[in-house]
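Some notes on the structure that comes next.
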Amino acid sequence: MEIIIQPSHYQLAAIASEIIRDALLRKPNLVLGLATGSTPIALYKALVRMHKENGLDFSRVTTFNLDEYVDIPREHPQSYHTFMAKHFFDHVNISVENQHIPQNTAENHEAFCTAFEEAIVRAGGIDIQVLGIGTDGHIGFNEVGSSLASRTRIVTLTENTLAANAIHFGDDISAVPEMAITIGIGTIMEAKQCLLLANSASKSEAIAKAVEGPITSMVPASILQTHPNTVVLIDESAASDLKEVEYYKRSYANKLKLQSQ
Ligand code: GLP
C-alpha cells in the first residue's frame with residue numbers, strides 16, 4: 001500500500017485525477033471501476049475539468065460502478081444511476097453502452113451478477129478501481145463479514161450503513177433501501193490498481209484498521225494490504241489514527257524527490 005496524506009480533499013482529488021489522466025493518456029480504452037458517495041465527488045469534478053478544459057478524451061473508456069441500491073427507481077434522486085449521471089457521466093464523453101452500473105432491482109439478480117462479472121472480463125478487467133470506505137471499513141457494499149473472495153452479488157445492508165446513508169434520505173433510516181447489488185471483494189482485488197480515498201475524522205478509525213490492522217473480513221478494506229498496487233489517498237483528519245504517519249509522509253516526499261530528478 002502506498003499511503004499519501006494531504007492537507008485537504010482537494011489535493012487528494014487532484015492527485016487521484018492525475019493518476020487516472022496519466023493512465024488514460026497511456027491507454028485510451030481504460031477500464032475504470034467507479035464509486036459513489038460524497039468522497040469521490042471532487043475527483044469527478046477534477047476529471048470533468050480535464051475533459052472540458054484540456055480535452056481529456058473518455059470516448060473509448062469503459063466504466064463499471066461498484067454498487068447500486070435494490071428496489072429504488074433508477075430516476076430516484078438517491079440512486080447511484082442518478083448520482084453518476086449528475087456528477088460524471090452527463091459531463092464527459094463516455095458512451096452510454098460503455099457505462100455499467102449494477103441493476104436497481106432484485107429481478108433475476110443471480111443472472112445479472114454473473115453477466116456483470118463476465119462484462120468486466122470481456123472489457124479486459126478493471127485497470128483502476130476508485131474506492132471510498134465506510135466508517136466500519138466496508139468497500140462498495142461489501143459489508144463487515146463479507147467473504148474476502150466474494151463476487152458480485154445481492155447483499156443486505158448493515159444497520160451502520162443504513163444509519164450512515166439515512167442523511168441522503170431525509171434522515172429517515174426506514175427510507176434507505178435495505179438491499180443492494182455490489183461488486184465482490186474478490187472482484188475488486190482483481191483490479192490492476194486501487195485508489196482508496198477518504199477524508200474527515202469520521203473515517204480515521206476505519207483507515208487505521210484497514211491500513212495497519214489485521215486482515216479480517218470484519219474490516220473488508222483491510223484485504224487491500226495484500227493488493228499489489230493500492231494507493232490510499234487521505235487527508236490529515238482521516239490519517240489521525242495511523243501510527244506511522246511520519247513514515248508515510250517521508251516515503252511520499254522521497255518518491256516525489258526521485259520523480260523530479
Ligand atoms: C456507501 C457506498 C460506498 C462508499 C461509502 C462511503 O456505503 N456504497 O461505496 O464508499 O458509502 O461514502 P461517503 O464517501 O459518502 O462517506
Side-chain angles (χ1 to χ4, degrees), residues 4 6 8-69 72-104 115-117 119-133 139-141 152 168 180-183 187-188 190-199 229-231 233:
I4 302 179
Q6 295 289 302
S8 87
H9 75 283
Y10 293 109
Q11 282 100 340
L12 304 175
I15 295 171
S17 64
E18 282 160 17
I19 292 173
I20 292 174
R21 179 201 59 201
D22 292 351
L24 183 48
L25 293 175
R26 280 194 304 270
K27 185 183 179 215
N29 61 341
L30 197 70
V31 181
L32 284 174
L34 299 177
T36 54
S38 51
T39 311
I41 290 177
L43 165 62
Y44 295 137
K45 267 202 183 118
L47 290 172
V48 167
R49 212 175 309 120
M50 287 173 173
H51 171 67
K52 295 212 158 130
E53 291 172 13
N54 310 106
L56 188 64
D57 182 17
F58 290 83
S59 61
R60 293 178 59 201
V61 166
T62 300
T63 63
F64 291 92
N65 261 79
L66 281 172
D67 46 18
E68 174 58 293
Y69 293 113
I72 185 174
R74 271 176 183 228
E75 313 70 45
H76 189 286
Q78 296 307 331
S79 83
Y80 289 168
H81 282 78
T82 301
F83 177 100
M84 288 310 299
K86 178 173 166 203
H87 294 288
F88 196 43
F89 294 151
D90 282 356
H91 314 288
V92 291
N93 61 335
I94 300 176
S95 63
V96 175
E97 59 273 20
N98 285 355
Q99 302 168 10
H100 302 88
I101 303 180
Q103 69 179 16
N104 55 315
F116 202 78
E117 290 270 346
I120 295 175
V121 173
R122 248 193 335 270
I126 292 172
D127 292 304
I128 300 182
Q129 175 66 61
V130 176
L131 294 168
I133 187 169
I139 44 177
F141 271 136
T152 303
H168 304 296
I181 289 180
T182 184
I183 279 186
T187 326
I188 291 170
E190 284 169 7
K192 295 173 192 84
Q193 182 174 39
C194 292
L195 302 181
L196 176 66
L197 292 148
N199 51 264
N229 187 0
T230 285
V231 183
L233 292 143

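Numbers here simply count residues along the sequence, with the first being 1.
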Show me the donor-acceptor pairs, under 3.5 Å and distance only, between side chains in residues 29-54 and residues at least two apart or in other chains.
residue	atom	partner	partner atom	Å
Tyr44	OH	Ala35	N	3.1
Tyr44	OH	Ala35	O	2.6
His51	ND1	Leu56	O	2.7

Side chains of Glu75 and Thr82: is there a donor and an acceptor less than 3.5 Å apart? no
Pairs touching residues 8-34 that satisfy ring pair (Phe, Tyr, Trp, His ring centres under 6.0 Å), sequence neighbours left out: none
Specify whether His100 and Phe64 have parallel, tilted or perpendicular ring planes, treating 30° as the upper limit for parallel and 60° as the lower limit for perpendicular. parallel
Parallel, tilted or perpendicular: rings of Tyr80 and Phe83 (30°, 60°): perpendicular
Review item, side-chain donor-acceptor pairs of residues 13-24, under 3.5 Å, at least two apart:
residue	atom	partner	partner atom	Å
Ser17	OG	Ala13	O	3.0
Ser17	OG	Ala14	O	2.8

Could you state the interatomic distance from [atom1] ([X]) to [atom2] ([Y]), rounded to the nearest 0.5 Å?
X      : Y      : atom1 : atom2 : value
Leu131 : Thr230 : CG    : OG1   : 7.5 Å
Ile183 : Glu117 : CD1   : CD    : 7.0 Å
Cys194 : Gln129 : SG    : CD    : 6.0 Å

Qualifying side-chain hydrogen bond (donor to acceptor under 3.5 Å, both in side chains) pairs, either residue in residues 57-66, two or more places apart: Asp57-Ser59, Asp57-Asn93
Once ring pair (Phe, Tyr, Trp, His ring centres under 6.0 Å) is applied, do any residues pair with His91, and if so which ones, sequence neighbours excluded? none
Residues in ring pair (Phe, Tyr, Trp, His ring centres under 6.0 Å) with Phe89, at least two apart? none
Within 6.0 angstrom of Lys86 NZ, more than 12 heavy atoms from elsewhere: no
Counting C-beta onward and ignoring hydrogens, is there a side-chain heavy-atom pair between Leu196 and Leu233 closer than 4.5 Å? no
